[in-house]
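Take a look at the following structure, please.
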2 protein chains.
Amino acid sequence: MRASDLDATFAALADPTRRAILARLAHGEASVSELAAPFAMSLPAISKHLRVLQRAGLISRGRNAQQRPCRLEAAPLRAVAEFTEHYRRFWDESFDRLDDYLRELQADEKKPRRKH
Amino acid sequence: MRASDLDATFAALADPTRRAILARLAHGEASVSELAAPFAMSLPAISKHLRVLQRAGLISRGRNAQQRPCRLEAAPLRAVAEFTEHYRRFWDESFDRLDDYLRELQADEKKPRRKH
DNA sequence: CGCTTTGTGAACCGTCCGGTTAAGAAACTT
DNA sequence: AAGTTTCTTAACCGGACGGTTCACAAAGCG
């Protein structure tokens, strides 16, 4: 994992449109038009966003007739998660008590994540 | 947590100089000159980076004579970590079995994190 | 073949970004 | 008071970013 990879990943994630696209792709593959539908934005704009996501390794693309379906590739997000783990003790005072964190995690699990 | 906060956080993290500054601050407070020392870069450039980090809420600043010491504020990183958690199952196949995840977490805990 | 659908490419535009230099502010030192 | 240290502000520059429009490529369909 080179630092420049993290650069590209963070830069890609810094845009709300691109994060929304990733959230949509968490539901499954989607075509460019499907991804573009929720946004008041031209198709070429979405195409550019997709290219940014692809160069960051956050999506991969296939071919299906005219469609070019996009699929989520989460590996770079793992690197982001590992990055934040280095700082966890600075925001979680009871970090040494793992149980607290686990309970919190399980609470999160019970919340339905309808946004995705 | 508004989306625009995540925008600012990810944008701030997209620069390697700024990530290095955060890593340095994980060791403890530091003055601007101390933070600038490792970089082949003018002081105003560092000052700008610090302003970006501050506007993202990733650092806070004090006053000590001429120095303006910087302190790490990790709260926004928690939001980043929570963001990535939504995607963990896409890189971690055994995510639905929470136990696996917890074991992995505990293994991480046993590793000393001497870097910080 | 010609038309429609789906998506990309190219050129352009205004804004933001990351850096510079030069100047100035704020606090300590002598 | 004068000078030093520390840091910020202002102006500038080149390049990247996020969007647009227009043109076109590629595949399916009448």
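The chains referred to below are lettered A, B, ... by the order of the sequence lines, with proteins before strands, and numbering in each begins at 1. Being a predicted model, the structure only gives us computed values, none of them experimental.
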Exercise for review: Report the nucleotide, chosen from D/dC7, D/dA27, C/dT20, that has the shortest atom-to-atom distance to any side-chain atom of B/Ser42.
Suggested key: C/dT20
Check your understanding: If you check every side-chain atom of B/Leu43, which of D/dC7, D/dA27, D/dT5 has the closest atom?
Key -> D/dC7
**Study point:** Minimum-distance nucleotide (side-chain atoms of B/Arg63 versus C/dG7, D/dT20, C/dA26)
**Key:** C/dA26
Point to revise | Side chain B/Arg18, main chain B/Ala11, donor-acceptor under 3.5 Å | key: yes
Review point. For D/dT8, does either OP1 or OP2 sit under 4.0 Å from a side-chain N or O belonging to B/Arg61?
Key: yes
Revision key, fill the gap. When rounded to whole Å, the CD1 to C1' distance for the pair B/Ile46 and D/dT6 reads 14 Å
**Study point:** Shortest non-hydrogen separation from A/Ala12 to A/Leu58 and the atoms involved
**Key:** CB-CD1, 3.9 Å
Practice item. Using heavy atoms and a sub-4.0 Å distance, could you list which residues of residues 10-22 of chain A are near DNA chain C? By number, please. Key: none
**Study point:** Side-chain N or O of B/Ser33 closer than 4.0 Å to phosphate OP1/OP2 of D/dT6
**Key:** no
Exercise for review: Taking only the side-chain nitrogens and oxygens of B/Arg51, find out if one of them lies under 4.0 Å from OP1 or OP2 of C/dG18.
Suggested key: no
Exercise for review: Please state how far atom CD in A/Gln66 lies from atom C1' in D/dC29, giving the value in whole angstrom units.
Suggested key: 9 Å
Practice item. Would you mind reading off the distance between A/Leu53 atom CG and D/dC17 atom P, rounded to a whole angstrom? Key: 13 Å
Check your understanding: Taking for each residue the nucleotide of DNA chain D bearing the nearest heavy atom, is the 5' side occupied by A/Ala45 or by A/Asn64?
Key -> A/Ala45
Exercise for review: Report the distance from atom CG of A/Asp7 to atom P of D/dC17, rounded to the nearest whole Å.
Suggested key: 11 Å
**Study point:** Between P of C/dG18 and CZ of B/Arg55, the distance in whole Å
**Key:** 14 Å
Review point. According to a strict under-4.0 Å criterion, is A/Ser47 in side-chain N/O contact with OP1 or OP2 of C/dT8?
Key: yes
Review point. D/dT8 C1' sits how many Å from B/Leu35 CG, rounded?
Key: 15 Å
**Study point:** Whole angstrom value for the distance that separates P of C/dG9 from CD of A/Gln54
**Key:** 10 Å
Point to revise | Taking every non-hydrogen atom, the tightest pair across A/Ala56 and A/Pro76 | key: O-CG, 3.5 Å
**Study point:** Given DNA chain D, 5'-ward residue of the pair B/Pro44 and A/Ala65, judged by closest heavy atom
**Key:** B/Pro44
Revision key, fill the gap. In this structure, CZ of A/Arg19 is separated from CG of A/Leu53 (nearest 0.5 Å) by 11.0 Å
Review point. Nearest of D/dA27, C/dG7, D/dA10 to any side-chain atom of A/Arg68?
Key: C/dG7
Point to revise | Nucleotide D/dG18, atom P - distance to NE2 of A/His49 in whole Å | key: 6 Å
Exercise for review: Would you please classify the geometry between the B/Phe83 ring and the B/Phe10 ring as parallel, tilted or perpendicular, with 30° and 60° separating the classes?
Suggested key: perpendicular
Review point. Between the main-chain N or O of A/Asp5 and the side-chain N or O of A/Thr9, is there a donor-acceptor pair closer than 3.5 Å?
Key: yes
Practice item. Indicate yes or no for a side-chain donor-acceptor contact from B/Tyr87 to the backbone of A/Glu73 under 3.5 Å, with no hydrogens or angles considered. Key: no
Check your understanding: Among the clusters formed by ILVMFWY side chains lying less than 4.5 Å apart, do A/Val52 and A/Leu50 turn up in the same one?
Key -> no
